[in-house]
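Working notes for the structure below.
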Amino acid sequence: MLLDARRQPCGTAPKAGVHTRETPLHLAFSCYVVGPGDRVLVTRRSLAKRTWPGVWTNGVCGHPGPGEEPEDAVLRRGSQELGTALGSPVPLLPGFAYRAVDASGVVENEVCPVFAARAADDPVPVAEEVCDWAWAPWDSLLRLVRETPWVMSPWSVLQVREMDAQGISPPGALTQA
């Protein structure tokens with residue numbers, strides 16, 4: 001879904017044609033997946049991905065389809081991309097937005113609400129999306145973002161920093177929900 005400067009829907013476009021050097025503002029989502037021991041899932045983007053191949057990122061992210069609510073897209077992509085069922089998404093940063101430019105010049109320009117959801121079990125990811133994954137304590141992810149942000153996707157770095165500044169943790173948010 002394309003968005004205008006007021007973040008209101010103004011049209012749709014195919015995902016493959018949207019991400020260019022002049023990417024228009026559009027709707028996306030990010031979800032921090034919480035699993036055993038309240039650890040957070042980190043995934044490594046497939047080396048075949050057009051943007052940020054091979055970087056580590058949050059559990060699952062993507063784009064809602066036309067008319068699809070971001071919460072429904074979280075559940076759909078959790079199943080499609082990670083091969084696992086997710087519990088009801090809890091909003092963490094509903095107004096998050098960012099712009100980032102990949103080394104190839106492709107721009108991400110997204111209003112990207114951030115959620116947390118609990119995984120039913122370990123992921124069985126689709127290789128075209130995820131080439132590696134691990135469960136990590138939230139404190140380890142905070143430390144990783146502070147000390148080596150270049151190994152993480154730019155959206156994850158910004159999201160984790162913002163959650164930390166607001167005293168939000170995905171495991172804590174799910175415990176309170």
Side-chain angles (χ1 to χ4, degrees), residues 1 3 7 26-46 49 52 54-65 67-100 108 110-127 129-177:
M1 177 181 320
L3 303 174
R7 297 184 175 185
H26 61 280
L27 183 61
F29 70 86
S30 281
C31 183
Y32 288 78
V33 176
V34 178
D38 278 345
R39 293 175 295 159
V40 178
L41 180 66
V42 289
T43 60
R44 186 169 177 227
R45 291 170 61 84
S46 166
K49 295 293 265 182
W52 287 279
V55 302
W56 288 88
T57 194
N58 55 290
V60 65
C61 44
H63 302 85
E68 184 179 36
E69 292 297 321
E71 294 87 349
D72 294 332
V74 167
L75 298 176
R76 174 178 55 82
R77 291 303 293 166
S79 176
Q80 290 175 343
E81 188 172 317
L82 299 176
T84 190
L86 300 178
S88 296
V90 172
L92 302 177
L93 301 172
F96 181 80
Y98 76 100
R99 186 179 187 283
E108 289 281 6
E110 299 179 338
V111 171
C112 185
V114 179
F115 299 91
R118 193 163 295 278
D121 43 40
D122 282 346
V124 183
V126 174
E129 298 288 341
V130 175
C131 67
D132 201 2
W133 63 273
W135 294 112
W138 180 247
D139 288 346
S140 294
L141 188 54
L142 289 173
R143 190 169 44 258
L144 179 69
V145 164
R146 275 191 226 106
E147 296 175 5
T148 56
W150 55 87
V151 302
M152 297 291 294
S153 68
W155 57 90
S156 288
V157 169
L158 295 168
Q159 292 164 356
V160 168
R161 286 178 177 162
E162 190 168 331
M163 284 187 275
D164 188 36
Q166 293 185 32
I168 298 169
S169 78
L174 292 175
T175 301
Q176 295 171 10

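Numbers here are sequence positions counted from 1.
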Locate the shortest heavy-atom distance separating [X] from [Y]; write the atom from each residue and the value.
X	Y	result
S156	T57	OG-OG1, 3.0 Å
V34	P171	CG2-N, 3.9 Å
F29	F115	CB-CE1, 4.3 Å
A119	L86	CA-CD2, 3.9 Å
G54	R44	O-NE, 2.8 Å
G65	R76	N-NH2, 3.8 Å

To the nearest 0.5 Å, what is the distance between [atom1] on [X] and [atom2] on [Y]?
X	Y	atom1	atom2	answer
Y32	L93	OH	CG	8.0 Å
T43	D132	OG1	CG	9.5 Å
L141	M152	CG	CE	5.0 Å
D139	L144	CG	CG	12.5 Å
F96	M163	CZ	CE	8.5 Å

Does the side chain of [Y] come within less than 4.5 Å of [X]'s, by heavy atoms?
X	Y	result
D164	V145	no
R77	C31	no
V74	E69	no
L75	P89	yes
W138	V160	yes
Q159	C112	yes
D38	T175	yes
L27	P113	yes

Determine, stepwise, if the pair Q80 / V126 fulfils side chain to side chain contact (heavy atoms under 4.5 Å, CB included).
CA-CA 8 Å; Q80 290 175 343; V126 174; over 6 Å; no

In terms of ring plane angle, is the pair W155 and W52 parallel, tilted or perpendicular, where the classes change at 30° and 60°?
perpendicular

Check against side-chain hydrogen bond (donor to acceptor under 3.5 Å, both in side chains), W135 and D122:
CA-CA 9 Å; W135 294 112; D122 282 346; 2.8 Å; yes

Strictly distance-based, threshold 3.5 Å: is any side-chain N or O of [X] a donor or acceptor partner for the main-chain N or O of [Y]?
X	Y	value
S30	C61	no
S169	G172	yes
R39	P36	yes
S46	V130	no

Under a 4.0 Å N-O cut-off, is there an ion pair linking E129 with K49?
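Salt bridge present between E129 and K49.
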
Between L82 and L41, does the side chain to side chain contact (heavy atoms under 4.5 Å, CB included) criterion hold? Intermediate values first, please.
CA-CA 10 Å; L82 299 176; L41 180 66; 3.8 Å; yes

